[in-house]
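Here is the structure we will look at.
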2 protein chains.
Amino acid sequence: MALNLMETLKGYLKEKGLKQTRQREVIASTFFKTDKHIGIEELLEKVKNIEPSIGYVTVYRTLLLLKECGLAHQRNFGDGQSLFENAGEHHDHMICIKCGKIVEFEDDRIEALQEEVAKNYHFKIVSHRHEIYGACSFCQTE
Amino acid sequence: MALNLMETLKGYLKEKGLKQTRQREVIASTFFKTDKHIGIEELLEKVKNIEPSIGYVTVYRTLLLLKECGLAHQRNFGDGQSLFENAGEHHDHMICIKCGKIVEFEDDRIEALQEEVAKNYHFKIVSHRHEIYGACSFCQTE
DNA sequence: TCTTCCTTGAAAGTTACTTTCAATATAGTT
DNA sequence: AACTATATTGAAAGTAACTTTCAAGGAAGA
């Protein structure tokens, strides 16, 4: 699995004319081993155990790169720092009450908060349903 | 309505031995007139139209005060700045798939993100439904 | 091997708060 | 109304967490 992720990253690098480097290899593989949110500093610490010369900025830029190619999501909780996590996938729905059109949406931040809420209630999530009802852009104007 | 909010604020001030000032009056009443999120700088601009001598810090501190007494909520979107909004009320549900127990929850941050998502799709929200299904703390252990 | 363009790490810069501090303004008391 | 203790204000300095700059070094195709 971590292999697939690394392959995806390498494909993206090649496609964009970017280069594979030892630093990116180390940072990405370390990140992929983490199965929950991780901050830049925290990831930097882990990475330094493998390659002490790697600096904050490179970790930072590599995470942006992973985000760019869809392998990571960036989260903002209220504590002032960004956390990154392995990308998953999910969809919820927005339904137009006039024309019935259904639009899929997904928002990782909502998913994360939902998990946080459930955790506060010691509730173990199996599934969820999140639907927004209203008027789509077209139906608002007629 | 804005009166009730002002009264609530004044009650809180008295209760805590804090003082009523012209600045707090202006900032709070301006804030209460806003029915959507507002940033510190944005509120500062409005407030300066009424009382030009009021500074950023006072707006900042007054918003923290409003947050403290439950009259405002602070939001953190990914764009690096905090937005504040008039406190409202809302509930969603968490449903246990084993015992059927229903727990109400509310999370302003989820509500705000939902609005943001809808806005991105030019969708006008009328209502929504957000349900989390899973195992409650009791049912997880048996 | 050559050459071009990408990367890196350190340092400087930015953004958006957050705290400090001396001057000023409340509000209870006289 | 005047007095006094304590809270509040605004400007400026301080922080935290990025974000950008820049010169040196490193990939990768020719």
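Lettering of chains follows the sequences in order, A, B, ..., and the numbering in each one begins at 1.
The CD1 atom of I40(A) sits 5.0 Å away from atom CZ of F84(A), with the distance rounded to the nearest 0.5 Å.
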Quiz: residues 19-27 of chain B side-chain donor-acceptor pairs under 3.5 angstrom, not counting sequence neighbours:
unit_1, atom_1, unit_2, atom_2, d
T21(B), OG1, R24(B), N, 3.1
R22(B), NE, E51(B), OE1, 2.8
R22(B), NH2, E51(B), OE1, 3.2
R24(B), NH1, K19(B), O, 2.7

Side-chain donor-acceptor pairs of residues 58-67 of chain B under 3.5 Å, sequence neighbours excluded:
unit_1, atom_1, unit_2, atom_2, d
T62(B), OG1, T58(B), O, 2.7
K67(B), NZ, Q74(B), OE1, 2.4

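Counting heavy atoms from C-beta on, the side chains of K33(A) and K46(A) never come closer than 4.5 Å. Side-chain contact check for C136(A) versus H122(B): every heavy-atom pair is 4.5 Å or farther apart.
Side-chain contact annotation: H130(B) with Q114(B), donor-acceptor N/O pair under 3.5 Å absent.
To the nearest angstrom, C1' of dA17(D) lies 14 Å from CG of L63(A). One interatomic measurement links the two molecules: CG of L44(B) to C1' of dA11(D), which rounds to 13 Å at whole-angstrom precision. Here the C1' atom of nucleotide dT18(C) and the CG atom of L65(B) are 16 Å apart, to the nearest Å. If you measure from atom CZ of F84(B) to atom P of dA16(C), you get 14 Å, rounded to the nearest angstrom. Separating the CD1 atom of I27(B) from the P atom of dT8(D) is a distance of 12 Å, rounded to the nearest angstrom. Distance CG (L64(B)) to C1' (dA7(D)): 16 Å, rounded to an integer number of Å. Rounded to whole angstrom, the span from the NZ atom of K16(A) across to the P atom of dT7(C) amounts to 12 Å. Straight-line distance from the CD1 atom of I40(A) to the P atom of dA17(D): 10 Å, rounded to whole Å.
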Output one letter per nucleotide in nucleotides 23-30 of chain D: B when a protein non-hydrogen atom lies under 4.0 Å from the base, S when only the sugar-phosphate is that close, - when neither is. ---BBS--
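Under the 3.5 Å distance criterion, the side-chain polar atoms of Q140(A) are matched with a main-chain donor or acceptor of A135(A).
Near-neighbour residues of DNA chain C inside residues 47-56 of chain B, defined by a heavy atom below 4.0 Å, number-ordered: Y56(B).
For the pair M6(B) and S29(B), the tightest heavy-atom approach, listed with the atom from each and the gap, is SD-N, 4.0 Å. G39(B) and Q81(B) get closest at one heavy-atom pair: CA-OE1, 4.4 Å. Taking every heavy atom of both residues into account, L113(B) and I110(A) meet most closely at CB-CG1, 3.6 Å.
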Sort me out a list of protein N/O and nucleotides 19-24 of chain C N/O pairs below 3.5 Å, or just none if empty.
unit_1, atom_1, unit_2, atom_2, d
dT20(C), O4, R61(B), NH1, 3.4

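In terms of position along DNA chain D, the nucleotide closest to G17(B) lies nearer the 5' end than the nucleotide closest to the other residue of the pair G17(B) and V59(B).
For E68(B) and K16(B), the salt-bridge test fails: no basic side-chain N is under 4.0 Å from an acidic carboxylate O. A salt bridge links E131(B) with R129(B): the distance from a Lys NZ or Arg NE/NH1/NH2 to an Asp or Glu carboxylate oxygen falls below 4.0 Å.
The end-to-end axis angle of the helix from dT1(C)-dA30(D) to dT30(C)-dA1(D), rounded to 10 degrees and based on five pairs per end, is 30°.
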Test E106(B) against D92(B) for side-chain contact (heavy atoms from CB on, under 4.5 Å), laying out the working first. CA-CA 6 Å; E106(B) 79 181 88; D92(B) 281 305; over 6 Å; no
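For S82(A), a side-chain nitrogen or oxygen approaches OP1 or OP2 of dC18(D) to under 4.0 Å.
Annotation: K124(A), atom NZ; neighbour count of heavy atoms from other residues, nucleotides and ligands within 6.0 Å does not exceed 12.
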